[in-house]
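Computed from a prediction, not measured in an experiment: that's the story for all the values here. FYI, the numbering just counts along the sequence from 1.
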Amino acid sequence: MKKDKNKKTGKFSVFLIVIDVIAVVCFFVVYGPFSFFRDWFITTAMTTMTHKYFAYTLYSEDMIKETLDNNKIIESEDPTDTSKINFNPDFSKDAYESIYEEQVLKKDEGNDVYKVVDISGDNWNGKMVVIYDPSRLKLVFSKQYGKRGEYLSKMAKNNNALVAMNASGVYHPNGQNRVTGTTILDGKIYATGKKINKGGGLIGFTKDNVLMLTKKTAKEAIKDGMDRAVEFGPFLVVNGKSAEFKGNGGWGIANRSAIGQRQDGIVLLLAIDGRTSKSVGITMPQLADVFQKYKAYNAANLDGGGSSALYAIVNGKGGLINNPVGYGYSGERYLPNAWMVLPEESNNSN
């Protein structure tokens with residue numbers, strides 16, 4: 001009897017030791033001298049719309065502020081030089097200077113409108129859609145714009161879209177997904193949603209189909225020729241120059257959507273998967289690097305996380321070509337609007 005009691009006491013002691021070891025390891029990871037986990041956790045949580053409390057659960061305000069100061073993006077303050085976009089892609093090349101040039105300029109047989117490219121890097125995978133004619137890229141509102149929005153796949157099918165990607169940011173109070181920031185449609189300030197602090201500014205196209213990134217007000221941007229735009233950020237590449245980064249850029253690692261344009265006018269739509277074992281996500285410095293490899297002259301981050309969605313018709317079948325994943329769920333989120341490549345005969349933009 002005494003022997004059995006000693007065995008139970010011994011097992012319980014081992015259990016307590018294991019718990020103590022786990023606690024020490026966790027404490028070391030969270031508060032120890034190596035900042036990788038702390039930087040990742042705080043910057044990822046603090047750049048979400050509704051999950052900032054994750055960071056405050058483990059860390060003090062001073063530690064969060066110090067971490068954000070050590071991990072941030074320094075955006076260019078220069079206005080987009082729209083005169084540098086010349087709309088003259090060279091599709092006649094037999095030899096390419098890099099695999100990235102080949103992926104962009106070598107069209108798929110039978111498709112002069114767009115091309116879907118698989119992209120990948122360290123612990124991340126994604127899709128890039130190459131849009132050859134930026135005049136085909138429209139900003140389309142959901143039927144529930146300003147309220148609940150719609151799934152991207154439904155919006156795309158309702159508009160017979162060839163390609164579609166999330167546009168404005170999403171704010172979801174009380175289960176209602178609403179638009180964030182300012183939106184411009186057909187040269188008019190169409191709606192203004194909840195203001196957010198994401199860096200960047202207005203991201204959209206002029207009447208001449210040049211991607212413009214500007215920190216000016218919507219009224220000033222329209223005077224400069226802005227035709228259709230959403231408000232988000234940060235700006236990653238402006239006039240061919242990448243933003244500067246401290247640490248991981250201040251945005252952690254997550255799934256992302258982003259948009260860019262090369263000097264030859266070709267538009268690049270990117271969706272990087274995240275929060276899965278196959279693709280953990282991408283940092284802002286990595287995202288900027290991707291755009292530079294593909295020679296984007298201007299590029300900006302759009303709403304990511306559960307909002308990141310990319311749709312395309314591939315081999316005659318339309319559907320999502322990425323994997324939207326939010327905190328605690330997977331699948332599509334209601335979106336207020338989307339960038340869409342519409343059929344040539346369609347002039348629908350709202």
Does the pair I184 and L202 meet the rule for a side chain to side chain contact (heavy atoms under 4.5 Å, CB included), with working shown? CA-CA 9 Å; I184 295 173; L202 290 168; 4.1 Å; yes

Can L162 and R136 be said to form a side chain to side chain contact (heavy atoms under 4.5 Å, CB included), step by step? CA-CA 10 Å; L162 305 177; R136 300 282 294 273; 3.8 Å; yes

Could you go through D264 and R262, starting from their C-alpha distance and side-chain angles, then the distance that decides it, and tell me whether this counts as salt bridge (Lys or Arg N to Asp or Glu O under 4.0 Å)? CA-CA 5 Å; D264 57 15; R262 291 160 46 99; 2.8 Å; yes

Should S257 and N166 be marked as a side chain to side chain donor-acceptor pair (under 3.5 Å) after you check the CA-CA gap, both sets of side-chain angles, and the distance that decides it? CA-CA 7 Å; S257 289; N166 59 296; 2.7 Å; yes

Does the pair T183 and L139 meet the rule for a side chain to side chain contact (heavy atoms under 4.5 Å, CB included), with working shown? CA-CA 10 Å; T183 308; L139 182 61; 3.9 Å; yes

Intermediate values then yes/no, side chain to side chain contact (heavy atoms under 4.5 Å, CB included), I259 and V267: CA-CA 7 Å; I259 187 170; V267 173; 4.2 Å; yes

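Between the side chain of S307 and the backbone N or O of D303, no donor-acceptor pair lies under 3.5 Å. Under the 3.5 Å distance criterion, the side-chain polar atoms of N239 are left unmatched by any main-chain donor or acceptor of D78. Within the 3.5 Å criterion, the main-chain N or O of S308 finds a donor-acceptor partner in the side chain of N322. Although no hydrogens or angles enter the test, the distance criterion places a donor-acceptor pair under 3.5 Å between the side chain of R228 and the main chain of L137. Using a distance-only test at 3.5 Å, with no hydrogens or angles considered, a donor-acceptor pair links the side chain of Q263 to the main chain of K84. Between the side chain of S142 and the backbone N or O of P336 there is at least one donor-acceptor pair closer than 3.5 Å. The backbone N or O of V210 sits less than 3.5 Å from a side-chain atom of T206, completing a donor-acceptor pair. In terms of modelled atom types and a separation under 3.5 Å, the side chain of N71 and the main chain of G249 share no donor-acceptor contact. A donor-acceptor pair is defined here as one N or O able to donate and one able to accept, closer than 3.5 Å; no such pair exists between the side chain of R256 and the backbone of L287. In this structure, Q261 contributes its side chain and N209 its backbone to a donor-acceptor pair below 3.5 Å.
Note that CG of N125 is 5.0 Å distant from OG of S279, once rounded to the nearest 0.5 Å. Within the model, atoms CE of M128 and CG of L268 stand 5.5 Å from one another, a figure rounded to the nearest 0.5 Å. The CG atom of L335 sits 6.0 Å away from the CG atom of L152 when rounded to the nearest 0.5 Å. Between the OH atom in Y190 and the CG atom in N337 there is a gap of 10.5 Å [rounded to 0.5 Å]. A distance of 14.0 Å separates CH2 in W251 from CD1 in I282, rounded to the nearest 0.5 Å. Of the inter-residue distances, the one linking L302 atom CG with L269 atom CG reads 9.0 Å to the nearest 0.5 angstrom.
Using a 4.5 Å cut-off on side-chain heavy atoms (C-beta onward), F205 and S135 make no contact. Two residues are said to be in side-chain contact when any heavy atoms from C-beta on lie closer than 4.5 Å; P324 and R333 fail this criterion. N158 is listed as a side-chain neighbour of E150, based on a closest heavy-atom distance under 4.5 Å. With contacts defined as side-chain heavy-atom distances shorter than 4.5 Å, the pair V325/N255 qualifies. Annotation: side chain of E244 is not in contact with side chain of I73 (no heavy-atom distance under 4.5 Å). By the 4.5 Å heavy-atom criterion applied to side chains, L270 and L310 are not counted as neighbours. You'll find the side chain of I272 reaches within 4.5 Å of the side chain of I119, heavy atoms only. Using a 4.5 Å cut-off on side-chain heavy atoms (C-beta onward), E332 and L320 make contact.
Scanning for side-chain hydrogen bond (donor to acceptor under 3.5 Å, both in side chains) contacts around T80 gives an empty result, with sequence neighbours left out. Scanning for salt bridge (charged side-chain N to carboxylate O under 4.0 Å, His left out) contacts around D90 gives an empty result, with sequence neighbours left out. The side-chain contact (heavy atoms from CB on, under 4.5 Å) test applied to D289 returns K293, not counting sequence neighbours. Applying the side-chain hydrogen bond (donor to acceptor under 3.5 Å, both in side chains) rule to T276 yields no partners; only residues at least two apart in sequence or on another chain are considered. Shown here are the salt bridge (charged side-chain N to carboxylate O under 4.0 Å, His left out) partners of K93, two or more places apart in sequence or in another chain: E101. Partners of E97 by side-chain hydrogen bond (donor to acceptor under 3.5 Å, both in side chains), not counting sequence neighbours, listed by chain and number: K295. Contacts of E231 classified as side-chain hydrogen bond (donor to acceptor under 3.5 Å, both in side chains), with partners at least two apart in sequence or in another chain: T182. With sequence neighbours left out, the salt bridge (charged side-chain N to carboxylate O under 4.0 Å, His left out) criterion links D133 to no other residue. Looking at residues two or more places apart in sequence or on another chain, you find a side-chain contact (heavy atoms from CB on, under 4.5 Å) between N160 and P343. In this structure D81 satisfies the salt bridge (charged side-chain N to carboxylate O under 4.0 Å, His left out) test with no other residue, sequence neighbours excluded.
Linking Ile, Leu, Val, Met, Phe, Trp and Tyr whenever their side-chain heavy atoms come within less than 4.5 Å puts I313 and M155 in one cluster. Under the 4.5 Å side-chain contact rule for hydrophobic residues, M226 and V140 do not share a cluster. Follow the hydrophobic side-chain contacts under 4.5 Å out from F141 and you never reach I189; the two are in separate clusters. One hydrophobic cluster, built from ILVMFWY side chains closer than 4.5 Å, holds both V104 and Y96. No continuous path of hydrophobic side-chain contacts links M212 to L236 [ILVMFWY only; heavy atoms under 4.5 Å].
Remark: aromatic rings of Y132 and Y114 are distant, center separation not under 6.0 Å.
A pairwise comparison of heavy atoms in A300 and F235 identifies CB-CD2, 3.9 Å as the closest pair. Among all heavy-atom pairs drawn from L105 and P89, the shortest one is CD2-CB, 4.4 Å. Between M340 and A161 the shortest heavy-atom distance is SD-CB, 3.8 Å.
Sparse packing is recorded around NZ of K188, with 12 or fewer heavy atoms of other residues, nucleotides or ligands lying under 6.0 Å away.
Identified under the side-chain hydrogen bond (donor to acceptor under 3.5 Å, both in side chains) test for residues 212-225, with sequence neighbours left out: E75-K215, K216-D224, T217-E220. Within the structure, ring-ring contact (aromatic ring centres under 6.0 Å, His included) pairs that include any residue of residues 292-324 comprise Y100-Y294 (at least two apart or interchain).
A cation-pi arrangement is found for K107 relative to F91, the charged atom lying closer than 6.0 Å to the ring centre and inside a 45° cone about the ring normal.
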